[in-house]
Undergrad: 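To start, I am sharing the structure in question, which I have written as structure tokens.
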Amino acid sequence: QLQLVESGGGLVQPGESLRLSCEVSAFTLRSRAIGWFRQAPGKEREGVSCISSSTGRTNYADSLKGRFTISRDNAKKSVYLQMDSLQPEDTGVYYCAARGIPTDQTCRRDQGWYDYWGQGTQVTVSS
């Protein structure tokens, strides 16, 4: 059974940072594209960032470039999302997702492209 478990969420003040982790199991991480998504209260889930498998190429939502950084550690079977200068509008549940089949394709921030999802971790930015 493929599993993804997010961690690292919490309550922070505006301007602070958080690093989210996504630990994967039951498959080799290096061959999988991983995406991060978020869902704010009352809004649809949106793509935040993704990282391709073999190339490590990354992709970010335009509004988040420069503040968020995605990375992976294949040995630890983990993907990270470093979030800096957090703002109240970054509040939401953050999910990681994995492409179901190994692929060399450049990752996408399209929910439908991913097959396995974690349960999410809550991020709240408030003063």
Undergrad: Using the side chain to side chain contact (heavy atoms under 4.5 Å, CB included) rule, take V123 and V93 through it: C-alpha gap first, then chi angles, then the decisive distance, then the call.
TA: CA-CA 6 Å; V123 171; V93 179; over 6 Å; no
Undergrad: I'd like to check L18 versus L86 (side-chain heavy atoms, cut-off strictly below 4.5 Å). Are they in contact?
TA: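 The answer is yes; the side chains approach within 4.5 Å.
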Undergrad: Can you tell me if E44 has over 12 outside heavy atoms packed within less than 6.0 Å of its CD?
TA: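 Counting other residues, nucleotides and ligands, CD of E44 stays at 12 neighbours or fewer.
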Undergrad: To the nearest 0.5 Å, what is the distance between CD on E23 and OG on S7?
TA: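 OG of S7 is found 7.5 Å from CD of E23.
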Undergrad: Counting only N and O atoms by type, is there a donor-acceptor contact under 3.5 Å from the side chain of S52 to the main-chain atoms of C107?
TA: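 Yes, S52 side chain to C107 backbone: donor-acceptor pair under 3.5 Å.
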Undergrad: Would F68 and W36 count as a close aromatic pair, with their ring centres under 6.0 Å?
TA: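 Not close enough - the centres of the two rings lie 6.0 Å or further apart.
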Undergrad: Considering non-hydrogen atoms only, spot the tightest contact between I51 and G56 and give its length.
TA: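 So the two residues come closest at CG1-O, 3.7 Å.
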Undergrad: Between Q111 and R45, does a side chain to side chain contact (heavy atoms under 4.5 Å, CB included) hold up when you go through it step by step?
TA: CA-CA 8 Å; Q111 297 182 59; R45 190 157 56 185; 3.0 Å; yes
Undergrad: To the nearest 0.5 Å, tell me how far I34 CD1 sits from S49 OG.
TA: 11.5 Å
Undergrad: Using a 3.5 Å distance criterion without hydrogens, assess whether the side chain of Y60 forms a donor-acceptor pair with backbone atoms of I70.
TA: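 Such a contact is found between Y60 side chain and I70 backbone.
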Undergrad: Looking at Y94, I'd like to know if the NZ or CZ of R38 sits under 6.0 Å from its six-membered ring centre while staying within 45 degrees of the ring's axis.
TA: no
Undergrad: Which is it for R32 and V24 under the side chain to side chain contact (heavy atoms under 4.5 Å, CB included) test, yes or no, and what are the steps along the way?
TA: CA-CA 10 Å; R32 309 290 176 143; V24 302; over 6 Å; no
Undergrad: For Q87 and G15, which heavy atoms make the closest approach, and how far apart are they?
TA: NE2-N, 4.1 Å
Undergrad: Using modelled atom types and a 3.5 Å cut-off, is there a donor and acceptor pairing between side-chain atoms of Q122 and backbone atoms of G10?
TA: no
Undergrad: Give the ring-plane orientation class for F37 versus Y114, where under 30° counts as parallel, over 60° as perpendicular and anything between as tilted.
TA: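 F37 and Y114: perpendicular rings.
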Undergrad: When you look at CD of Q119, are more than 12 heavy atoms from neighbouring residues, nucleotides or ligands closer to it than 6.0 Å?
TA: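 12 or below, so no.
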Undergrad: Would you compute the distance between atom CD of Q39 and atom OH of Y95 and round it to the nearest 0.5 angstrom?
TA: 5.5 Å
Undergrad: If you round to the nearest 0.5 Å, how far is CD of Q105 from CZ of R99?
TA: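 If we round to the nearest 0.5 Å, R99:CZ and Q105:CD are 6.0 Å apart.
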Undergrad: Calculate, to the nearest 0.5 Å, the distance between atoms OG and CD belonging to S63 and E89 respectively.
TA: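 The OG atom of S63 sits 9.0 Å away from the CD atom of E89.
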Undergrad: Is there a path of hydrophobic side-chain contacts, each under 4.5 Å between heavy atoms of I, L, V, M, F, W or Y residues, that connects L20 with Y116?
TA: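 Yes, same cluster.
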Undergrad: What's the spacing between C22 SG and E6 CD if we round to 0.5 Å?
TA: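 It is 5.5 Å, given to the nearest 0.5 Å.
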Undergrad: May I ask you to check whether R57 and N59 show a side-chain donor-acceptor distance below 3.5 Å?
TA: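 No pair is found: no donor N or O on one side chain lies under 3.5 Å from an acceptor on the other.
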Undergrad: Keeping S78 on the side-chain end and K76 on the backbone end, is there a donor-acceptor pair under 3.5 Å?
TA: yes
Undergrad: Does the side chain to side chain contact (heavy atoms under 4.5 Å, CB included) test come out yes or no for R72 and Y80, once each step is laid out?
TA: CA-CA 6 Å; R72 64 195 297 154; Y80 307 100; over 6 Å; no
Undergrad: Could you check whether any side-chain heavy atom of P88 comes within less than 4.5 Å of a side-chain heavy atom of P14, counting everything from C-beta outward?
TA: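 Result yes, sub-4.5 Å side-chain heavy-atom pair found.
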Undergrad: What closest approach, in Å, do T121 and G8 show between heavy atoms, and which atom pair accounts for it?
TA: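 Of all heavy-atom pairs spanning T121 and G8, the closest is OG1-N, 4.2 Å.
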Undergrad: Which pair of non-hydrogen atoms, one from I101 and one from D115, has the smallest distance, and what is that distance?
TA: N-OD2, 4.3 Å
Undergrad: Does R19 use its side chain to pair, donor to acceptor, with the backbone of L81 at less than 3.5 Å?
TA: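 No.
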Undergrad: Tell me the closest heavy-atom pair linking S17 and Q82, and the distance in Å.
TA: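 In terms of heavy atoms, the two residues are closest at CB-NE2, 3.8 Å.
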Undergrad: How close do V125 and T91 get, heavy atom to heavy atom, and via which atoms?
TA: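 Nearest pair, atom of V125 first, then T91: N-OG1, 2.9 Å.
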